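Notes to accompany the following structure.
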Amino acid sequence: MLQRIYGTAWYSDKDLDAYLTRIEEAEKRDHRKIGRELDLFSFHEEAGAGLPLYHPKGARVLRLLQQWLRGVLYERGYVEVITPHIYKADVWKISGHYENYRENMYFFEVDEGDGKTSEYGIKPMNCPGHLMIYGDSMKSYRDLPIRMSEFGTVYRHEMSGVVHGLMRARSFTQDDAHIFCMPEQVHSEVMGMLDLVAYVNGVFGFEYSAEVSTRPEKSIGDQAFWDTATQALIKALEEKGVPFEINEGDGAFYGPKIDIKLKDAIGRTWQTSTIQVDYNLPQRFGLTYRTSDNTEEQPYMLHRTILGSMERFFGILIEHYAGAFPTWLAPVQVIIVPIADRHMDYATEVRAKLEKAGVRVEVFSDNEPMRIKIAKAQQQKVPYMLVVGDKEAESGEVGVRERTGGDIGSRSIDELIAMVKDGDPLA
RNA sequence: GCCGGCGUAGCUCAGUUGGCAGAGCAAUCGCCUUGUAAGCGAUAGGUCAUCGGUUCGAAUCCGAUCGCCGGCUCCA
């Protein structure tokens, strides 16, 4: 009989208290709890573990994030592609996933109707599609770098013990991109990615650090590739002034990588971005480009995500903000609270004006006393509550209550719209 | 996947030694016509996760499966 005892040890009472406070705070911010309270998403036992279903408000936040990031990527020379969710098993044999990753993938047979069946695999990553798109036409060194991005939903049969809300799901969407480039472009491309990491995390106020993972024992490629690639990663981090640690031997079997870990509002760290150098997949898929000497060379491929998984990043944001999203990301930015039934007409009129200005707005139409409407709106963490009664219908204004600041008095509709749009990176 | 725990109404939970399934909140309907964080009344809501076993009798005991939680391992 073996008895396992769990414990935790701290140097001082103060440290222990801080730990306990953090546990308590983490429980209050738990994205699974807030996700239900704010009607963002749900999980269903009958659907399967780790498969989130996004409700209208959750979908809205995710789409806003994507819309924003898409614009940022276009400005930085990315092109967007869309690739299938399934491929014939042959593709996964070429990529090596069939051999090395099989137990984590979903495969199925399909009846082709002529007495034969085909085996298909659901994608656990987006790389093959991007490789095939690259390989579809002859490339010149002048075409490089090609920055190919996709919000690609992938499926991985994660082990049952690790599935955890949105943080570790079996279906998730990566803000994925693959950069095809020449060896001498790796450094500047990595610099560009670190710049993007800094910009994106800055928007949410996240601090972060990095880890560089070097060549593992079981790996492929010649040492010159590993040295060049690893040095390019380290040099970029140094030049950007990103603090980093070296994780000896923790790289992917095909190349070294940078992992970014960010720190949330209560000091927890999360891995989000990853930047990987790859020489293997371009080879497997036979990718080439024509050099200035008109010889044929194989391009490098950089894999990178910035948010990582939209699911995980969404979960991190929910916990970081404790559900009180910044106004630009809030699923509902404004809720109109009519004082009595007779104010519904004016409330509807205000809503129409706000909708026309692109504000996400709802009217609280339940027949409840004021304080209850306010309490419920507060609980939904809506940034602005507009109280409309006789006074407001008369003046054409709205009584504004802020989520954090309370009642701030009357404002005109235009003033209110300006407040909502202030600081909106999508505006 | 492994170790440990858990699964009762939409949510949070009670349910005594195995003996009629409960509360609050949410929902629905009615009342109130409301001025900034929780009014009043009523109604409805359940194969006690699922399947099997023990028993005169199972939410309660046993087994399996599914799901969830904490940890390990893994990862975006």
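Quick caveat: nothing in here was measured; it's all calculated off a predicted structure. Within every chain, numbering begins at 1; the chains are lettered A, B, ... in the order of the sequence lines, protein sequences first and strands thereafter. Side-chain atoms are counted along with the backbone in the values below, which use heavy atoms only and exclude waters and symmetry mates.
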Notebook entry, point to check: What is the distance, rounded to the nearest whole Å, between atom OH of A/Y384 and atom P of B/U36?
Noted result: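 For the pair A/Y384 OH and B/U36 P, the rounded distance is 21 Å.
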Proximal nucleotide (of [options]) relative to the [X] side chain:
| X | options | answer |
| --- | --- | --- |
| A/R36 | B/U36, B/C68, B/C11 | B/C11 |
| A/D366 | B/C69, B/A76, B/A27 | B/A27 |
| A/R401 | B/U73, B/A37, B/C69 | B/A37 |
| A/K376 | B/G1, B/A76, B/A26 | B/A26 |

Margin query: Looking at the base of B/C74, is there any donor atom on it, or on the side chain of A/R168, that sits under 3.5 Å from an acceptor on the other one?
Written below: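 By the distance-only test, yes, there is a pair.
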[X]/[Y] ion pair, N-O < 4.0 Å:
| X | Y | answer |
| --- | --- | --- |
| A/R168 | A/E311 | no |
| A/E368 | A/K376 | yes |
| A/R76 | A/D195 | yes |
| A/K28 | A/E25 | yes |

Item checked: A/D30: partners by side chain to side chain donor-acceptor pair (under 3.5 Å), with sequence neighbours left out ->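 Partners of A/D30 under the side chain to side chain donor-acceptor pair (under 3.5 Å) test: A/R32.
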Next item on the list: For B/G70, take OP1 and OP2 only and decide whether either is under 4.0 Å from a side-chain N or O of A/H164.
Entry: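 Answer is yes, contact under 4.0 Å.
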Checklist line | Any A/R312 side-chain N or O less than 4.0 Å from OP1/OP2 of B/C75 | finding: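 For A/R312, the contact criterion (side-chain N or O under 4.0 Å from OP1 or OP2 of B/C75) is not met.
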Notebook entry, point to check: Does RNA chain B take part in any stems of at least 3 consecutive Watson-Crick or G-U pairs (both distances under 3.5 Å), and if so, which ones?
Noted result: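 Stem list for RNA chain B: B:1-7 with B:66-72, B:10-13 with B:22-25, B:27-31 with B:39-43, B:49-53 with B:61-65.
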Margin query: With salt bridge (charged side-chain N to carboxylate O under 4.0 Å, His left out) as the criterion, how do A/R102 and A/E119 come out once you've worked through the C-alpha distance, each side chain's angles and the decisive distance to 0.1 Å?
Written below: CA-CA 13 Å; A/R102 206 174 196 300; A/E119 188 180 24; 2.9 Å; yes
